[in-house]
Every structure is written in structure tokens, then in C-alpha cells.
Amino acid sequence: MSTPGARAGLETFDGLNIEYEHAYRDNPFKTACIKTAISLIPQGSRVLDVGCGTGIPVSQMLSEAGLDVVGFDISPKMVEYASTRVKGSFTVSDMLEYKPEPPNGAFAAVFIIFAHLQLSYSDFHAAAYKFAQTLRPGGIIAIGQMPGDKYVKDTSDWDETRTYVENYDAPFMGEPLPTFMMSARGQRDFLTSMGLEIVCETIDLFQPNNDKCEPEEQQYIIARRTSEKRLDLPKPLPTQGR
């Protein structure tokens with residue numbers, strides 16, 4: 001079921017499309033994460049790009065590496081660009097409504113790269129768990145986010161576990177954007193609480209290629225599903241902290 005956060009993402013990104021791509025495509029930290037992920041994925045494997053945007057650079061890099069790319073985005077304009085420029089299967093959907101087929105064991109990798117900025121924690125919790133459950137044993141999930149530690153100084157803005165903030169006005173494309181962020185440790189703990197194993201992590205400062213944009217601290221994590229055992233629900237549960 002689509003939520004207000006998902007619909008807000010449509011309003012934000014359907015208008016930006018190519019401008020957003022140009023600002024963020026030449027990100028050495030993002031591309032390094034994707035290259036590392038590609039090195040961990042068997043050739044020809046099926047992979048999912050959540051919130052694929054225009055397909056540049058994530059879906060493009062995956063496709064050019066010989067992977068079978070499935071992607072979706074809430075923005076029809078973004079999906080149109082991806083479909084015409086990247087080899088893969090792209091559809092219009094949001095993170096809550098999208099239903100992977102088949103429901104289990106579908107993907108060797110799932111990428112959630114800055115695709116969840118305007119969701120609630122409850123939305124992200126449900127979506128991330130759903131997608132992690134589709135990983136084959138040995139499959140990986142890669143998440144990119146702007147960790148809140150640098151930006152959110154007032155402890156009252158955090159949940160009681162100091163894991164996440166919701167609707168926090170963070171700088172984005174020159175304007176404040178109500179944003180969902182996790183702490184750097186909170187993102188790590190979220191993944192490991194499911195039973196995933198952290199493969200690698202980086203935190204770096206990136207300057208988007210747009211005069212309106214401020215430098216952003218960005219965190220990229222790759223985690224692996226190590227067995228066929230059903231994953232645990234991520235912690236904290238959404239009922240905690242608000």
C-alpha cells in the first residue's frame with residue numbers, strides 16, 4: 001500500500017529526474033560501492049535496483065557487468081529514462097507496493113541507494129525486510145544513505161534507541177527536504193539484527209555536481225545473507241521510539 005512518504009518521493013523526483021542524475025552520477029564513493037558489489041555477484045545473476053531513478057549510474061553499471069537487472073521507481077519520468085538507456089526490466093512502483101516475483105530466493109543482490117529519503121521508519125523497516133528476504137543464500141544487499149549523526153544534534157529528534165529520525169529537514173538540491181535518516185551505527189545494527197553479515201562499509205563526504213548542493217556525508221554498506229534460514233525482523237521494531 002502506497003504511503004504519504006512514498007507519494008512525497010514521487011513529487012520530489014518526478015520533477016528533478018535529469019537534474020538529479022547530473023548532480024549525483026559522478027560520485028566516486030557510490031561507484032566504488034557498486035564495483036565492490038559486482039565483484040561479489042556471480043556473472044549473469046538477477047539483481048534488483050530499488051528506486052532505480054534514471055538508471056544512471058547504478059543500473060547501468062550492473063547491466064554493463066553482465067547482470068540481469070530488474071528495477072523500479074515511483075517516478076514515471078525516471079523509469080522512462082532508465083528503460084530507454086539501460087538494458088534491463090524497469091517498472092513504475094514504490095517500495096511498499098512492489099512485489100518481487102517469485103517471492104523468495106529471487107535475487108543475488110538488492111540495491112537500495114538513496115531510495116528511501118522520504119519514507120517513515122515503519123515504511124523502510126517493512127520494505128528493507130521484504131527485499132532482504134528475497135536474497136538467495138550468499139546474496140547481498142547494498143544500502144546508501146546520509147547518516148544522521150552529523151546533521152541531527154538535538155537528542156529529542158531521535159527515536160529512543162537513537163537509531164533514526166523522521167521528517168528531519170536536511171539539505172537536498174538546495175532546499176530543505178523532510179528526510180528519514182539512520183545513524184551510522186543504527187544502519188549497521190539494523191542489517192545485522194536480521195542475521196546479515198556486514199561485508200564492507202564506507203563513510204565519505206561527497207560534493208554533488210550542482211551549485212545549489214552542499215557537501216553530503218554518505219554511508220554505503222554491503223551485507224550478505226549467509227544461509228537459507230529465515231531472516232529475523234530488523235531492530236528496533238517500528239513501535240519503538242515514537
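What you see is a predicted model; the values in this text were computed from it and never measured.
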Practice task
Kindly say whether Gly148 contributes a backbone atom to a donor-acceptor pair with the side chain of Lys150 at under 3.5 angstrom?
Solution key: no
Handout entry: Side-chain donor or acceptor of Ser63 paired with backbone N/O of Lys87 under 3.5 Å
Key = yes
Practice task
Report yes if the side chains of His22 and Asn209 come closer than 4.5 Å at any heavy-atom pair, otherwise no.
Solution key: no
Completion exercise
To the nearest 0.5 Å, atom CZ of Phe72 lies from atom OG of Ser89 at 12.0 Å
Handout entry: Non-hydrogen side-chain atoms of Gln219 and Thr202 separated by less than 4.5 Å
Key = no
Problem - Heavy-atom side-chain proximity of Lys130 to Pro100 below 4.5 angstrom - result: yes
Problem - Arg225 (side chain) donor-acceptor with Gly138 (main chain) under 3.5 angstrom - result: no
Problem - Minimum heavy-atom distance between Ser193 and Asp232, given as atom pair plus value - result: O-CB, 3.5 Å
Fill in the blank from the handout: So CZ of Phe180 and CG of Leu117: to nearest 0.5 Å the spacing works out to 10.0 Å
Exercise for the section: Assess the side chains of Asp169 and Tyr151: does a donor N or O sit below 3.5 Å from an acceptor N or O? Expected result: no
Problem - Distance in Å, Ile140 CD1 paired with Ile222 CD1, rounded so as to fall on 0.5 Å steps - result: 5.0 Å
Practice task
Could you tell me whether a side-chain N or O of Thr179 sits under 3.5 Å from a main-chain N or O of Leu177, the two making a donor and an acceptor?
Solution key: yes
Problem - Any donor-acceptor N/O pair, Glu216 side chain to Asp204 backbone, under 3.5 Å - result: no
Handout entry: Minimum heavy-atom distance between Cys33 and Ala142, given as atom pair plus value
Key = SG-CB, 4.3 Å
Fill in the blank from the handout: Closest non-hydrogen atoms of Ser45 and Arg136, given as atom of the first, atom of the second and distance, are OG-NH2, 3.5 Å
Completion exercise
Distance col, row Glu197:CD vs Thr226:OG1, nearest 0.5 angstrom, shows 6.5 Å
Exercise for the section: Using the six-membered ring wherever Trp is involved, compare the ring planes of Phe206 and Phe29 and label them parallel, tilted or perpendicular (cut-offs 30° and 60°). Expected result: perpendicular
Exercise for the section: Flag yes if Phe124 and Leu237 sit in one hydrophobic cluster, no otherwise; membership is Ile, Leu, Val, Met, Phe, Trp, Tyr, and two members link when side-chain heavy atoms are under 4.5 Å apart. Expected result: yes
Practice task
Dump the intermediate steps for side-chain hydrogen bond (donor to acceptor under 3.5 Å, both in side chains) on Thr161 and Thr163, then the final yes or no.
Solution key: CA-CA 5 Å; Thr161 68; Thr163 297; 2.6 Å; yes
Problem - Trace of the side-chain hydrogen bond (donor to acceptor under 3.5 Å, both in side chains) decision for Gln218 with Gln145 - result: CA-CA 6 Å; Gln218 299 186 343; Gln145 68 134 4; over 6 Å; no
Problem - Flag, side chain of Asp157 to backbone of Val152, donor-acceptor distance under 3.5 Å - result: no
Handout entry: Student check: side-chain heavy atoms of Glu175 and Lys212 closer than 4.5 Å
Key = no
Practice task
Would you confirm whether His125, through its side chain, and Pro234, through its main-chain N or O, come within 3.5 Å as a donor-acceptor pair?
Solution key: yes
Practice task
Could you please spell out the steps behind the side-chain hydrogen bond (donor to acceptor under 3.5 Å, both in side chains) verdict for Tyr168 and Glu166?
Solution key: CA-CA 5 Å; Tyr168 187 86; Glu166 300 172 296; over 6 Å; no
Problem - hydrophobic_cluster_shared for Tyr164 and Leu233, side chain cutoff 4.5 Å - result: yes
Exercise for the section: Specify whether Phe172 and Tyr24 have parallel, tilted or perpendicular ring planes, treating 30° as the upper limit for parallel and 60° as the lower limit for perpendicular. Expected result: parallel
Practice task
Look at the side chain of Arg224 and the backbone N and O of Ile141, then say whether any donor-acceptor pair between them is shorter than 3.5 Å.
Solution key: no
Fill in the blank from the handout: All heavy atoms of Thr91 vs all of Val79, minimum pair found to be O-CG2, 3.4 Å
Practice task
Taking the side chain as every heavy atom from C-beta outward, state whether Glu217 and Ile203 have any atom pair closer than 4.5 Å.
Solution key: yes
Exercise for the section: With side-chain hydrogen bond (donor to acceptor under 3.5 Å, both in side chains) as the test, would you mind laying out the steps for Ser75 and Asp73 before giving the verdict? Expected result: CA-CA 5 Å; Ser75 164; Asp73 198 278; 4.5 Å; no
Exercise for the section: State, to 0.1 Å, how close Phe107 and Val47 come at their nearest heavy-atom pair, and which atoms those are. Expected result: CD2-C, 3.7 Å
Exercise for the section: Answer whether the closest heavy-atom distance between the side chains of Tyr121 and Met182 falls below 4.5 Å. Expected result: yes
Handout entry: Cys52 and Val58, any side-chain heavy atoms less than 4.5 Å apart
Key = no
Handout entry: Nearest heavy atoms of His116 and Gly144, plus distance in Å
Key = CE1-O, 3.5 Å
Exercise for the section: Measure the OG-CG distance between Ser59 and Asp49 for me, rounded to the nearest 0.5 Å. Expected result: 3.5 Å
Practice task
Spell out, as yes or no, whether a donor-acceptor pair under 3.5 Å connects the side chain of Thr84 to the backbone of Tyr81.
Solution key: yes
Exercise for the section: Return yes if some donor-acceptor pair links the side-chain N/O of Glu80 with the main-chain N/O of Thr54 below 3.5 Å, else return no. Expected result: no
Problem - Close side-chain approach of Asp189 and Lys235, heavy atoms under 4.5 Å - result: no
